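Structure, as C-alpha cells:
This one's a predicted model, so the numbers in the text were calculated from it and none came from an experiment.
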Amino acid sequence: MKMADVEHNRMEYRRIKRLSEFDLDYGNLHEEFKGLVELAAHVAGTEISLINLIDQHSQWSVSRHNLDVFQMDLEYSICQHTIQSDHLMEIPHLGRDERFSDRPFVKADDGFRYYLGIPLKVKTGENIGALCVMDYQEKSVSEEKKKLLRLIANEIVEKLENKLNMDELQEALEKATVQRNQLAHDVRGPIGGILGLATSTENVPLEEEEFMQYMQMIKASAAKLLELTDDILERQKVRQQENYFNLSGFKQHLDGLYELPARNKEIRLDIDINQKEDHQKFPRRKLLPIVGNLIANAIKFTPSQGTIGVDLDISGKDGKRALMITVSDNGKGIPKERLENIKKLAWFEDHGTDYEKGYGLGLQLVTEMVEDIHGTLHIDSEEGKGTSVRIVVPLKD
C-alpha cells in the first residue's frame, strides 16, 4: 500500500473514531435537528435537505426533509466525497459528473440533478458528515445563500458538540451522584425514625398543648426532608432511563438501525435476548457503535441468503454481573494473519461479498472502544465459514 494511502487510512480511522466518540443514536436525532434541516432547504430553495453522518460502512441521514431515506451504503454516497475536504462541494448537474452519473438515483428520468454539500467539521478537525441540499432540477445557489448554509452547518456541529459535552458532563456527574445517592439513603433512615416517633407521640394524650404543637412541627419538617430525599432519588431514576438500556431496548435500537441494511442484501438478522434478565439496566455508553460496527462488518462480509446472529445476555452472581454480547455470521471469515494484526493498525484492503471496499477499520475501532469500557473481546473466525465475536462488559451493581 502506498504511503499516501496509508496516511489517508490513518486520517479516515481518526475520523470514524471521532464520530464513534459522539456515541449517537442515529435513529433518535431527526426531531432534534428537524428545524435546521428544513431551514437549509428553505435557504437553498431546494426540494430536499439532509444531515448525513458517515461511518466506515454507511451514510446515515439522521435528519431529512422531503426524502424518506435513513441508511445508504457508503459506495453510493455523494457526501463521502464532500467530507474529503473542508470546502463546500456544488454539482449543478449530477448527470454530467462522471463520478455520479451512473448512480440509480441520478440516471433515472426522475432522478436528482442538483447537489450542494457542506462538511460537518468538529472542533478536533475531523469531518464526521455533511449537510447537503438536493433538487430534481439543475440549478445554482448564490454566494450569500451559501454563507447562510455554512452557518446552518456550523449550528449543527455546535449542537452535536454540545450533546457530547453534556454526555461527558453527565458521566462525571453520575460518579458524584453515587455519593449523593448514598447520602440520600443514609438520611432517609434517621428522618423516617423521627417521623415515626413524632407520629407515635402525637397519639399519646398530653396536657401541654405547646408540646403537641412542637411535635407537629417536627413531623412537618421531617416529612419535607423525606420528600426532598425521595425527589433526589427520583431524578436519578429519570436520568438512568435516558442513559441506560435493558436488553429489549438495546435490541430495539439495533433492529431499527440494521434490519433494513441486512434485508436489502437479503441477509437474515436475528437478535435474541435473555428475557429472564430483561429487567436489568446497564449503561448504554458506546454500546451502539460497538455492536453496530460488528453488525455492519458482518453484513458487508456475509453473502446474500446468509445469516447474522446477535445474542444479548446478562450473567453473573455474587455482585459481579456482566453484559454478554455475541455477533456471529456465516460469511467469508477473516484470515489468521489479519486477525493477528487487528491491534497493530496494520490496514489491509479488502472487499465485501458485494465488492464493498474497506480497510479493516471496524474491528480495530471496536477493539479500542471495548477496552475503553473495560470489556474483553474474543474473535473466532475461519475463512469460508464465518466469524464470531464475543464481548464481555463488566457491570457495576
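Arg390 has its side chain out of reach of Ile379: every pair of non-hydrogen atoms, C-beta onward, lies at least 4.5 Å apart. Put simply, the side chain of Ile308 does not reach to within 4.5 Å of the side chain of Arg268, judged on heavy atoms. Two residues are said to be in side-chain contact when any heavy atoms from C-beta on lie closer than 4.5 Å; Ile48 and Val133 fail this criterion. Residues Ile152 and Leu39 are in side-chain contact: their nearest non-hydrogen atoms beyond the backbone lie under 4.5 Å apart. Put simply, the side chain of Phe70 reaches to within 4.5 Å of the side chain of Tyr26, judged on heavy atoms. For the pair Leu294/Ile391, a side-chain contact is recorded, criterion being any heavy-atom separation below 4.5 Å from C-beta on. Ile267 places none of its side-chain heavy atoms less than 4.5 Å from the side chain of Thr307. Counting heavy atoms from C-beta outward, Gln280 and Tyr244 have side chains that stay 4.5 Å or more apart.
Between the side chain of Asp270 and the backbone N or O of Gly309 there is no donor-acceptor pair closer than 3.5 Å. Side chain of Lys251 to main chain of Ile271: a donor-acceptor pair is present (N/O by atom type, distance under 3.5 Å, no hydrogens or angles). Lys385 contributes no side-chain N or O that, together with a main-chain N or O of Asn330, makes up a donor-acceptor pair within less than 3.5 Å.
More than 12 heavy atoms of other residues, nucleotides or ligands sit less than 6.0 Å from atom CZ of Arg150. Heavy-atom neighbours of Lys139 NZ from other residues, nucleotides or ligands within 6.0 Å: above the threshold of 12. Surrounding NE2 of His87 are at most 12 heavy atoms belonging to other residues, nucleotides or ligands under 6.0 Å away. The environment of CD in Gln252 is sparse: at most 12 heavy-atom neighbours from other residues, nucleotides or ligands sit within 6.0 Å.
To the nearest 0.5 Å, atoms CG (Asp102) and OH (Tyr76) are separated by 9.5 Å. Rounding to the nearest 0.5 Å places CZ of Arg113 at 10.5 Å from CG of Asp135. Atom CD1 of Ile273 sits about 7.5 Å away from atom CG of Asn246, to the nearest 0.5 Å. Expressed to the nearest 0.5 Å, how far CD1 of Ile54 lies from CE of Met72 amounts to 10.0 Å.
The aromatic rings of Phe245 and Phe250 sit parallel to each other, their planes meeting at less than 30°, with 60° as the upper class boundary.
Across every non-hydrogen atom of Ile16 and Asp55, the tightest pair is CG2-C, 4.0 Å. Taking each heavy atom of Gly375 and Pro394 in turn, the nearest pair found is CA-CD, 4.0 Å. Counting all heavy atoms, side chain and backbone alike, His57 lies closest to Ala296 at CD2-CB, 3.3 Å. Considering all non-hydrogen atoms of both residues, Asn52 and Cys79 come closest at ND2-SG, 3.3 Å. Minimum heavy-atom separation, Val370 to Thr376: CG1-N, 3.7 Å. Taking every heavy atom of both residues into account, Asn127 and Arg15 meet most closely at O-CD, 2.8 Å.
Both Leu88 and Leu131 belong to a single network of hydrophobic side chains, linked directly or stepwise wherever heavy atoms of I, L, V, M, F, W or Y lie under 4.5 Å apart. In terms of hydrophobic clustering, with Ile, Leu, Val, Met, Phe, Trp and Tyr side chains grouped at heavy-atom distances under 4.5 Å, Leu149 and Leu50 are assigned to different clusters. Hydrophobic cluster membership is shared by Leu288 and Leu395, with clusters built from Ile, Leu, Val, Met, Phe, Trp and Tyr side chains linked at under 4.5 angstrom. Linking Ile, Leu, Val, Met, Phe, Trp and Tyr whenever their side-chain heavy atoms come within less than 4.5 Å puts Ile373 and Met369 in one cluster. Val389 and Ile314 fall within the same hydrophobic cluster, defined by Ile, Leu, Val, Met, Phe, Trp and Tyr side-chain heavy atoms under 4.5 Å apart, directly or through other members.
When only modelled atom types and interatomic distance are considered, Ser248 and Asp278 share a side-chain donor-acceptor pair under 3.5 Å. Side chain to side chain, His253 and Asp25 meet the donor-acceptor criterion of an N or O pair below 3.5 Å. With no hydrogens or angles considered, a side-chain donor-acceptor pair links Ser381 and Thr387 at under 3.5 Å. Inspection of the Ser142 and Glu144 side chains reveals no N or O donor paired with an N or O acceptor under 3.5 Å. There is no side-chain donor-acceptor pair under 3.5 Å between His65 and Ser49. Remark: the Ser315 side chain and the Arg321 side chain contain no N/O donor-acceptor pair separated by less than 3.5 Å. Under the 3.5 Å distance criterion, with hydrogens and angles disregarded, a donor-acceptor pair is assigned to the side chains of Gln71 and Asp73. A side-chain donor from one of Glu368 and Tyr13 sits under 3.5 Å from a side-chain acceptor of the other. Residues Thr82 and Tyr115 have side chains that bring a donor and an acceptor to within less than 3.5 angstrom of each other.
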Practice prompt. Before giving the answer on salt bridge (charged side-chain N to carboxylate O under 4.0 Å, His left out), spell out for Glu383 and Lys336 the whole-Å C-alpha distance, their side-chain angles and the decisive distance to 0.1 Å.
Written response: CA-CA 8 Å; Glu383 285 189 84; Lys336 182 179 179 180; over 6 Å; no

Worksheet entry | Verdict with reasoning, Glu155 to Lys159, per salt bridge (charged side-chain N to carboxylate O under 4.0 Å, His left out) | CA-CA 6 Å; Glu155 181 66 20; Lys159 286 176 71 71; 5.7 Å; no

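For Phe22 and Trp60, the ring centers are positioned 6.0 Å apart or more. You'll find the ring centres of Phe112 and Tyr136 inside the 6.0 Å limit.
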